[in-house]
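These figures come from a predicted structure and were not determined experimentally.
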Amino acid sequence: TAPNGRKITLPTGIFINNEFVKGNGGTITSINPTDESEIATVSAASADDVDAAVKAARKAFNDPSWRELPGTDRGAIMYKWADLLEANKETLATLETWDNGKPYQVALNEDLGEVIMCIRYYAGWADKLHGQTIPTTPGMKFAYTLKQPIGVCGQIIPWNYPLGMAAWKLGPALACGNTVVMKPAEQTPLSILFAAQFIKEAGFPPGVINIVNGYGKEAGHALASHLDVDKIAFTGSTATGKAIMKTASVNMKNITLETGGKSPLLVFDDCDLEQAAKWSHLGIMSNQGQICTATSRVLVQETIMDKFLEKFKEVIKSTSKVGDPFADDTYQGPQVTKQQYERVLSYIEAGKADGATLATGGTAHKNVGDGKGFFIEPTVFTGVTEQMRVYQEEVFGPFCVVASFKTEEEAIRMANNTTYGLGSAVFTQNLERAHRVAEKIEAGMDSDVRVPFGGVKQSGIGRELGEAGLAAYSQTKAVHVNVG
Ligand code: ADP
């Protein structure tokens, strides 16, 4: 029974060939970050289990009942799954709140909404994938291209959006006719397991989607190194992304990596200050700051620094209520695990040691229940310079640094001065400046299922979502035809 009273029966195995079976890689115990209690213990996959899942996915790929199914029919199965997830969205959101700590209202209305929309968006693409005809020697020769699936796709998922990141990867992979072995994050195994129950019912043939909960070092590594896996898609930390890239080179797997960020938000003196403060807050404090595109560096034009800070602190104070994620008025729940909680606290110490000034927060939040749980006060450091660790390194928490700039040129240089390049935002009412800066910043976007998403520099390789997501899960074959 979840803290919101919802009674949930959960399968605890790994999911291969449309069946739940016991994994042989030990167990995973999911901890509730709100009160540190144990929620559930589920099976972990061993390397052999991953191998069995890959075999199932290969068989399903070679058996044309999925790959050669008319796109409309593949799409129909995906729509059916989305409908089943929608019918169960309260339970799925409860599970995400329970083992990730994210506020229930957000999990239900935002995260689950996007999961369902993403599957439907790609279901709609399933019968709209086609190649081109290219005249080569007119009257004599032409060529045409075929869009074909890549094969067996390994997908490695992080814990910040357990179902969200799964949907981003499953949607395009399935629409294109691939089969999948997915490894969820060991910190948040529950919601994907629950969602797996509806795979068979939706009509997916056995082996098309396999889900192997397990640990990164064993199950994740087994997937990334498997010789019969054709593609690896990963979202997670930059360090793990690099390790996976190396491992995946064993058979030159196609890769998509979405890794870390230290995304800048630029505030120019001609901006709407209310909007800038509101979005500076939202950009870093939503999802407990655990978003790869979180705008964790706010760069403010010197002339308006004081006015901006006053507004920013006001918004944090009036909006960022920290507390029980099942309470309706909670904006910020606990960090996902003790390890993440301690990581954020250590960066608070690093900021202090480097001489930055705490504008707000800077401590654990201990007013929830009996003082248990991994809560942190929304934290803002000012007086931050580019050399400081808190300016350069990803923290992944409700933790943001504010630094000042004098000119547009300096703002762009400072924005680009990290090894990352993922999200960014610009606040100005000067349209020319807005577009000029957008072009020069080495980073993109917010996220929307219809729009390409992905990083530059050490924030990743490749694009997900939108039409670009389909390109990442298909390959182009050229056929040359001689008619003369
Ligand atoms: P974090 O550091 O944020 O906890 P990671 O980037 O290490 O996260 O993990 C993201 C995903 O990558 C998880 O599913 C994790 O199990 C997996 N993973 C971790 N290490 C490896 C590895 N060496 N090979 C493959 N997958 C891994």
Determine whether more than 12 heavy atoms belonging to other residues, nucleotides or ligands lie under 6.0 Å from atom NZ of Lys128.
yes
Could you check, using the six-membered ring where one of them is a Trp, whether Tyr331 and His281 have ring centers closer than 6.0 angstrom?
yes
Given side chains that start at C-beta, do those of Glu38 and Asn32 come closer than 4.5 Å, heavy atoms only?
no
Presence of salt bridge, Glu393 and Lys262, under 4.0 angstrom:
no
Check: residues 111-124 side-chain donor-acceptor pairs under 3.5 Å, at least two apart:
unit_1, atom_1, unit_2, atom_2, d
Asp111, OD2, Lys102, NZ, 2.6
Arg120, NH2, Asp83, OD1, 2.9
Arg120, NH2, Glu86, OE1, 2.8
Tyr121, OH, Trp125, NE1, 3.0
Tyr122, OH, Gly466, N, 3.0
Tyr122, OH, Gly466, O, 2.8

Quick one, Ile14 and Ile211 - any side-chain contact, counting heavy atoms below 4.5 Å?
no
State, with a plain yes or no, whether a side-chain heavy atom of Leu265 is found less than 4.5 Å away from one of Leu299.
no
Would a line drawn from the ring center of Phe381 to the ring center of Phe399 be shorter than 6.0 Å?
yes
Relative to each other, are the rings of Tyr341 and Phe374 parallel, tilted or perpendicular (30° and 60° limits)?
tilted
Could you check whether Asp328 and Gln105, counting side-chain N and O atoms only, form a donor-acceptor pair closer than 3.5 Å?
yes
Please confirm whether Arg343 makes a cation-pi placement over Phe396, using NZ or CZ under 6.0 Å from the six-membered ring centre and within 45° of the ring normal.
no
Would you check if Val402 and Leu309 make a side-chain contact, meaning some heavy-atom pair closer than 4.5 Å?
yes
Answer yes or no: are there more than 12 heavy-atom neighbours, outside Gln275 itself, under 6.0 Å from its atom CD?
yes
Name the residue from Ile441, Ile291, Leu422, Thr418 that meets the side-chain contact (heavy atoms from CB on, under 4.5 Å) definition with Ser263.
Leu422
Just wondering, do Met245 and Ile461 contact through their side chains at under 4.5 Å, heavy atoms?
yes
Ring centre gap for Phe234 and Trp168 strictly below 6.0 Å
no
Decide if the gap between the ring center of Phe326 and the ring center of Trp98 is smaller than 6.0 angstrom.
no
With a cut-off of 6.0 Å (strictly less than), are more than 12 heavy atoms of other residues, nucleotides or ligands near NZ of Lys338?
no
